[in-house]
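For this chain, numbers begin at 1 and follow the sequence in order. The structure displayed is predicted, hence computed values, not measured ones.
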Amino acid sequence: MNETIEYYNKNALDFYINTKDVDMQKLYDFFLKYLEKGAKILDLGCGSGRDAKHFLDNGYDVVALDASIEMVRLSSELTGRKTVHKTFNELDYENEFDAIWACASLLHVSRKEIDDILYKISRALKPNGILFASFKYGDKEEFRNGRFFNFYEEKSFRELINNHQYFEIVETLITKDVRQGREDEIWFSVILRKI
């Protein structure tokens with residue numbers, strides 16, 4: 001995880017420029033239909049701050065969080081709000097959020113660490129709270145170009161959630177990457193509900 005954080009520190013501006021204007025409307029619709037206006041959302045691994053800004057602009061109460069100090073700086077500028085500088089391991093919220101948005105962030109958590117992180121996420125959510133998470137589609141772990149990735153698809157993700165009885169899978173979605181030149185990359189997104 002440290003190498004991945006360092007990657008984002010070194011490449012923050014490029015990442016920001018390449019992601020801040022990407023059209024995420026399909027995934028926003030997939031997520032926000034489960035929330036009331038004004039719901040409190042944790043943007044977990046917020047990157048550029050693009051999604052936190054969208055939620056803020058649409059009347060939601062948002063806390064943005066990232067482990068990369070450089071991404072924290074850039075997302076704070078974009079949203080006009082201070083982004084929290086914390087790693088997933090440092091999550092210490094309890095019963096605070098109606099929803100957590102983890103867009104292309106939990107995919108950096110290894111399979112040996114994901115159980116602990118999911119437990120911390122469940123603690124941060126209110127009862128019946130919603131978690132959105134997205135992963136590159138597949139069933140493997142790999143270290144590529146300075147970053148660690150954990151891929152899931154329907155079967156492997158269901159096996160993971162079977163170990164977490166406080167979550168139920170509500171809905172899944174398969175999409176193509178919306179970034180230019182990356183249309184051949186497939187993503188697996190899921191909505192979980194805290195039971």
Whether E185 and K136 form a salt bridge (side-chain N of Lys/Arg under 4.0 Å from carboxylate O of Asp/Glu) is what I want to check. yes

Report yes or no: is the cationic atom of R111 (NZ for Lys, CZ for Arg) under 6.0 Å from the centre of the six-membered ring of Y152, at an angle within 45° of the ring normal? yes

Could you tell me whether R123 sits above the aromatic face of Y93, with NZ or CZ closer than 6.0 angstrom to the six-membered ring centre and within 45 degrees of the axis? no

Scan side-chain atoms only and decide if Y137 and E154 contain a donor-acceptor pair under the 3.5 Å cut-off. yes

For residues D66 and T83, report the shortest heavy-atom separation together with the two atoms involved. N-CG2, 4.1 Å

Check whether S134 reaches the backbone of A104 with its side chain - one donor and one acceptor, N or O, closer than 3.5 Å. yes

Look only at the side chain of E153 and the backbone of K155, and say whether a donor-acceptor pair between them is shorter than 3.5 Å. yes

Of all residues at least two apart in sequence or in a different chain, which pass the side-chain contact (heavy atoms from CB on, under 4.5 Å) check with I169? F157, R158, I161, T172, V190, L192

Close aromatic pair by centroid cut-off 6.0 Å: Y8 and F15: yes

Is the Lys NZ or Arg CZ of K40 less than 6.0 Å from the centre of F97's six-membered ring, within 45° of the axis? yes

When you compare the side chains of H164 and D115, does any donor N or O come within less than 3.5 Å of an acceptor on the partner? yes

Does K120 pair with D92 as a salt bridge, N-O distance under 4.0 Å? no

Under the rule for salt bridge (Lys or Arg N to Asp or Glu O under 4.0 Å), what residues qualify as partners of E90, not counting sequence neighbours? none

Shortest non-hydrogen contact between S156 and D139, atoms and distance: CB-OD1, 3.4 Å

Carboxylate-amine/guanidinium proximity below 4.0 Å for K33 and E171: yes

CA sep, side-chain torsions, deciding dist, call: Y34, F132, side chain to side chain contact (heavy atoms under 4.5 Å, CB included): CA-CA 10 Å; Y34 293 100; F132 167 88; over 6 Å; no

Side-chain (H108) to main-chain (F148) donor-acceptor, under 3.5 angstrom: yes

Treating K176 as the side-chain partner and I186 as the backbone partner, does any N or O pair qualify as donor plus acceptor under 3.5 Å? no

Check the angle between the aromatic planes of Y28 and W101 and answer parallel, tilted or perpendicular using the 30° and 60° thresholds. tilted

Quick one: are the ring centres of F31 and F55 less than 6.0 Å apart? yes

What I want to check is whether the side chains of E6 and N2 have a donor and an acceptor closer together than 3.5 Å. no

Residues S68, N9; criterion side-chain hydrogen bond (donor to acceptor under 3.5 Å, both in side chains); working and verdict: CA-CA 6 Å; S68 158; N9 283 332; 2.7 Å; yes

Check: K194 side chain, S122 main-chain N or O, donor-acceptor pair, under 3.5 Å: yes

